[in-house]
Amino acid sequence: MNFIYPRIKIINKFLLVIFVIVSIFVKVYQIGYRSFFQDELYSVSAALEPNFDLFLNNWVLYDSNAPLYYFFLRLWLKIIPATEFWIRLPSVIFVLLASFILINGIKKRFNNDTWFYLLLFILTSYGFLFFAQEARAYGLLLLLISLQLLTFIDLLQCKKEENKSRFILLFTFFSLLASYTHYTGILFSCILYSILIFEFRSDLFFLKKILVSILLLLALGLLWMNNFLFFFHLDKSMIIHQKWAILKSIIPMLFFGYSIIGKYFSILMILIYFYSSFVLLKNFVLLKKVNKIIVKLGVFSFGVLFLSPFIPYLFSYRHYIFLIPIILLAFSILICSFFKISEYQKSILLLFGILIVVNQGFVHYKSDRENWRQTVDYVAENLKDKNTKVIIIGEPWESSPKEYLLKNRGDLNLSIRRKTYYLYYFNQLADNKKIDIVVLRPSNKIIEEYINKELLTNDKVFVLLYTGGFSKDINNLKINGIVDKKEFYGHVVFTCTKKY
């Protein structure tokens, strides 16, 4: 059997390469074929706003997310075409960099197989695939949190004072960038700083450096403080009351996705995690100090996930992405510390990993997203050469976003932007045709009067409805013409044609 063992190691290296290639391919493959969804269109519309003052005041300052990604995307689109592929490409790069840096960083810092398990979990994590193909700040957040984690580990392991000073500077820098990328970056930074203060409480000299780092971050954070605090004064009714269903979104996103295979493997991993934690209670003293801290942080993070139905402001699965790297790292440390596996078992795990990633790819590309592009494409194909009226059901943009937010925390601030979102695709798909786009509030009387008036001089009037929330009422409109209804995912198009 001794002559077989080297062959297994060679096979595992080959499987590892295949695993990495498949994982990269799945993240990159056809990133441009999906239409943007509403949150992505917010990012794109903000970045494409030519007027810098409007870019800040209409988009960046009154979004609950921090501004770093918007500034990056604005610069990116100065030199890169504004298409789905090119706009999403940075997120793919951020996620791939986060994966490589975290796995390779752990391999260098831990003299065991922790990196191997972390590689398995990160490459099969559906969250890393999902947010790699989204033009939002989460890919950048994953990268910065991964860098934070590595410098955090360096600080805990470091013995030389001069190296500690270098690491605290890097940690401060990554914490600042993470905090300016998403407000959960602020939460994660607060958690890590709290641990550092506790661990170095007896080292007064270095404790002062940690406190200086915190003061520096607070000073630099003043630039965004007013905008951050503004959202705490808004109506919280839509974001405080959660349901247990949020866990059904978080757990598959954290591990292996929403397919049948993914859900069962996700549940299995949860059970293994709790079993490992139970075993750890008896052997906790055997772990190194840094491992103990990371495992405690992982258990704490898991507790946060299970309390998610009761946590205000973190009301979506995407708000918990900042916990994914630490949970997967803690899980990897647990398994490496208490479960020894052979090269043959590694082969099986790598094969399962490849199977899961391929399955995730198939399921991901079949899943539906908002069809903004498909909706506009349908209208563009049916436009005539002469001027055509297109009605968008929403809120006319007549005030500042701040005023709309103070009136209504939820829909109004999004409703005023629907014309801009539709225009992004009209400018691409119907740029050579004359279109007059108007925004009407969801009032039967207003819509009826406007359409009937336009049908006196136009053969067709198109009505675009986002999410179908008004579709039942619009079917009962008294229109002097023929109304055809075409449904897309997240959208409805009503074509009102004059009777002859």
Side-chain angles (χ1 to χ4, degrees), residues 32-42 44-45 48-49 82-84 368-398 404 411-500:
Y33 94 98
R34 290 175 182 274
S35 169
F36 288 128
F37 76 105
Q38 182 170 235
D39 288 356
E40 288 181 296
L41 283 167
Y42 192 103
V44 176
S45 300
L48 290 175
E49 172 56 59
T83 64
E84 284 98 339
D368 289 319
R369 297 294 288 271
E370 296 170 7
N371 293 156
W372 291 84
R373 183 178 65 216
Q374 293 85 340
T375 301
V376 172
D377 190 45
Y378 172 79
V379 175
E381 288 181 356
N382 289 277
L383 289 174
K384 294 189 175 182
D385 293 333
K386 62 181 181 179
N387 189 35
T388 305
K389 285 285 184 180
V390 175
I391 299 171
I392 295 172
I393 306 300
E395 179 70 19
W397 197 331
E398 299 170 344
Y404 284 113
D411 185 61
L412 278 182
N413 186 43
L414 299 175
S415 186
I416 60 175
R417 305 177 191 279
R418 284 180 192 152
K419 180 179 179 180
T420 308
Y421 298 162
Y422 281 117
L423 271 175
Y424 168 79
Y425 281 115
F426 272 116
N427 290 336
Q428 290 187 1
L429 302 172
D431 190 39
N432 60 338
K433 297 182 180 180
K434 296 179 180 179
I435 307 170
D436 186 12
I437 299 178
V438 296
V439 180
L440 298 181
R441 291 186 176 93
S443 164
N444 278 31
K445 184 178 180 182
I446 293 173
I447 297 171
E448 285 173 358
E449 290 179 355
Y450 193 92
I451 293 175
N452 287 329
K453 180 181 176 182
E454 289 300 320
L455 286 177
L456 295 175
T457 55
N458 291 284
D459 292 334
K460 287 184 179 181
V461 175
F462 295 94
V463 181
L464 306 188
L465 177 68
Y466 173 67
T467 69
F470 194 58
S471 57
K472 292 181 180 178
D473 293 330
I474 206 168
N475 286 329
N476 299 321
L477 292 175
K478 298 175 182 178
I479 304 297
N480 297 327
I482 301 168
V483 179
D484 293 320
K485 179 180 177 182
K486 177 71 174 178
E487 294 189 30
F488 297 89
Y489 190 84
H491 299 263
V492 180
V493 179
F494 295 93
T495 306
C496 303
T497 308
K498 181 190 294 186
K499 286 183 179 178
Y500 288 97

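Sequential numbering from 1 along the given sequence is applied to the chain's residues. A quick note: this is a predicted structure, and the numbers were derived from the prediction, not measured.
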Any residue meeting side chain to side chain contact (heavy atoms under 4.5 Å, CB included) with [X], in chain and number order, not counting sequence neighbours:
{"X": "Glu381", "value": "Asp377"}
{"X": "Ser35", "value": "Trp372, Arg373, Gln374, Tyr425"}
{"X": "Ile446", "value": "Leu440, Ser443"}

Are the side chain of [X] and the backbone N or O of [Y] linked by a donor-acceptor pair below 3.5 Å?
{"X": "Ser45", "Y": "Tyr421", "value": "no"}
{"X": "Glu40", "Y": "Glu84", "value": "no"}
{"X": "Asn480", "Y": "Asn452", "value": "no"}

Distance-only donor-acceptor check, side chains [X] and [Y], under 3.5 Å:
{"X": "Tyr42", "Y": "Gln38", "value": "no"}
{"X": "His491", "Y": "Tyr422", "value": "yes"}
{"X": "Asn458", "Y": "Glu454", "value": "yes"}

| field | Pairs where residues 412-429 contributes a residue and the test salt bridge (Lys or Arg N to Asp or Glu O under 4.0 Å) is met, not counting sequence neighbours | value |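 Listed once each, the pairs are Asp411-Arg418.
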
| said: Under 6.0 Å between ring centres: does that hold for Tyr424 and Phe36? | reply: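 They qualify: ring centres under 6.0 Å apart.
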
| Which residues satisfy the ring pair (Phe, Tyr, Trp, His ring centres under 6.0 Å) test with Phe462, sequence neighbours excluded? |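 Per chain and number, Phe462 pairs via ring pair (Phe, Tyr, Trp, His ring centres under 6.0 Å) with no residue.
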
| field | Partner set under ring pair (Phe, Tyr, Trp, His ring centres under 6.0 Å) for Tyr450, not counting sequence neighbours | value |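 Tyr450 satisfies ring pair (Phe, Tyr, Trp, His ring centres under 6.0 Å) with no residue once adjacent residues are dropped.
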
| field | Closest contact, heavy atoms only, Cys496 versus Val483 | value |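 Shortest heavy-atom separation between Cys496 and Val483 comes out as SG-CG2, 4.2 Å.
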
| Would you find more than 12 non-hydrogen atoms of other residues, nucleotides or ligands less than 6.0 Å from Lys498 atom NZ? |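 Buried by this count: over 12 neighbours within 6.0 Å.
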
